[in-house]
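Computed from a predicted structure; not experimentally measured. Just so it is clear: chains get the letters A, B, ... in the order the sequence lines come, proteins before strands, and each one is counted from 1.
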There are 2 protein chains.
Amino acid sequence: MNRDGAEPVDVARTLREPAPAAAREAIERGIDREALVTVVGRCTVEYDGRAASRLEPGDRHVMLKPDGATLVHTDEGQQPVNWQPPGCDHGVSLSDGALRIESLRSTPAERLAVTFERIDQVSAFVLADERELAVVGTEEDLRERILEEPALVEPGFTPLATERDTPAGAVDIYGEDSEGRAVVVELKRRRVGPDAVGQLRRYVDALERDLHADATVRGILVAPSVTDRAERLLAEHGLEFVAAEPPER
Amino acid sequence: MNRDGAEPVDVARTLREPAPAAAREAIERGIDREALVTVVGRCTVEYDGRAASRLEPGDRHVMLKPDGATLVHTDEGQQPVNWQPPGCDHGVSLSDGALRIESLRSTPAERLAVTFERIDQVSAFVLADERELAVVGTEEDLRERILEEPALVEPGFTPLATERDTPAGAVDIYGEDSEGRAVVVELKRRRVGPDAVGQLRRYVDALERDLHADATVRGILVAPSVTDRAERLLAEHGLEFVAAEPPER
DNA sequence: AAGTCGATATCGCCA
DNA sequence: TGGCGATGTCGACTT
């Protein structure tokens, strides 16, 4: 089998406007072959689990992945209108002559059912993809940048630990300033709102309790920028802000 | 045109293993017709914008929606490996004989480029879907339940406002207890961690400042359950917890 | 356009 | 498996 050659192999199998029974067979075969299966047609979607929903008949694109994920897309929006996460069991059946696709999981118990009243196309694709996505510009990148050049936080800042544990959770960077005071640094890769201030505050509080009753712990939020409300909250709680971004590349 | 009849109309147009030029034409025609276009094949994906990423050649399923959204799916995971949100401009071209799909947005400036070295299938679907998804079991549902039966919070609790504004943000339910003390209720539809406690704390703090320096403001977190750490944080800050869930249906 | 927060968030990491 | 926090979070709503 030559998946890299110029000659395409049998990656795709497609049926146009199949009868429900033929569609069912093609979908089952696709699932067995670990293919990515797509079904396009007019359908009803029911979901019941952590929440519950019902979607009346309309034209949609349904994708079944070999890892158990199910996605139901309309012609709008980045997010699927209904879905099921990886790890689910796909089931295909005929109900009163109609094609029905069910996707089930246990913990939590959730069920997604798609019932077709018209089937436009069924495809099964056997995809080969070993490549990993490499993303640049994350909080992790910002942390590395700060650790390489701690003066970006302030002159004399010395990192002592990353992911230092406190009763309130793990601190991004823990260190001390030029006068030996404890410093908690919370990193955000982009402009921050009130929630990030709350997070920093929790860590500072927890560390003050952890060290001494009278210990001075500075809290510094490092991010590209802050919203007005977040800035006010920082000031109210005696916390600081330093502008810095993840490296561009 | 009869989209609801038993006779399927021309919803789907599909090419198997098209040459790049034919694929380009089919994709452009699909975009012009406001179709949902899918392209399956071996491709490279580049993204540059809020972050940046590169994905080396592999088999993927690319979906172009008429609202401008782009999704690149591998055979694994619920989330697309790369994407572009609605509102983007799709562009299709031939680069050195290879099919290239570009998706661009301005604010923020972001670019997604998919270059194919093998094309297995191109499809265009004209989808009709006016139906809205109705979800049950949300935080909104929990709020309605509490407002209908405030005693679920505690006997004598009287809701006075929803979304009451404070300098720290809007409080889910604001009210008073049987002794006339101010009560802030924060609702969560599922089990909560430390972040929800931080949120409630912000609101209580803000309201205490807003009312009087000496005002007593109670904070009650209403959710199905809490984690250990969240429970400890609640106790530390004198906040309370009441178990309640959104209605099942 | 920006701020704020919910979500069937999803995802990855770690105890 | 559950807890916890990041995410190119997305999406809805408000200002």
Colleague: Figure out the CG/P separation between A/D141 and D/dG8, and round it to whole Å.
Modeller: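 To the nearest whole Å, that distance equals 10 Å.
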Colleague: Answer yes or no: side-chain N or O of B/Q84 and base N or O of D/dG8 forming a donor-acceptor pair under 3.5 Å.
Modeller: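 Flag set: donor-acceptor pair detected.
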Colleague: Would you say D/dC10 has OP1 or OP2 under 4.0 Å from some side-chain N or O of B/W83?
Modeller: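 So the side chain of B/W83 is within the cut-off, an N or O lying under 4.0 Å from OP1 or OP2 of D/dC10.
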Colleague: Round to the nearest Å and state the distance from A/E139 atom CD to C/dC11 atom C1'.
Modeller: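 The distance from CD of A/E139 to C1' of C/dC11 comes to 15 Å, rounded to the nearest Å.
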Colleague: For the pair made of CD in A/E163 and C1' in C/dC13, what is the distance, rounded to whole Å?
Modeller: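 After rounding, the reported distance stands at 9 Å.
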Colleague: Could you give the CG-to-C1' distance, from A/D172 to D/dA6, as a whole number of Å?
Modeller: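 Interatomic distance, CG of A/D172 to C1' of D/dA6: 10 Å.
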Colleague: Take atom CG of B/N82 and atom P of D/dC10, then tell me their distance rounded to the nearest Å.
Modeller: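 Rounded to the whole Å, the gap is 12 Å.
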Colleague: Measure NZ/B/K188 against P/C/dA7 and give the value in whole Å, please.
Modeller: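 So the two atoms are 8 Å apart, to the nearest Å.
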Colleague: The side chain of B/R229 lies closest to which of these nucleotides: D/dC4, D/dG11, D/dG8?
Modeller: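 Of all the options, the side chain of B/R229 is nearest to D/dC4.
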Colleague: Does the side chain of B/R190 get closer than 4.0 angstrom to OP1 or OP2 of D/dG3 through an N or O atom?
Modeller: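 Checking D/dG3 against B/R190, no side-chain N or O comes under 4.0 Å of OP1 or OP2.
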Colleague: Quick one: is A/R189 getting a side-chain N or O under 4.0 Å of the D/dT9 phosphate, OP1 or OP2?
Modeller: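 Affirmative; the distance criterion is met.
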Colleague: How many whole angstroms separate atom CD of B/E76 from atom P of C/dG12?
Modeller: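 Going from B/E76 (CD) to C/dG12 (P), I get 10 Å.
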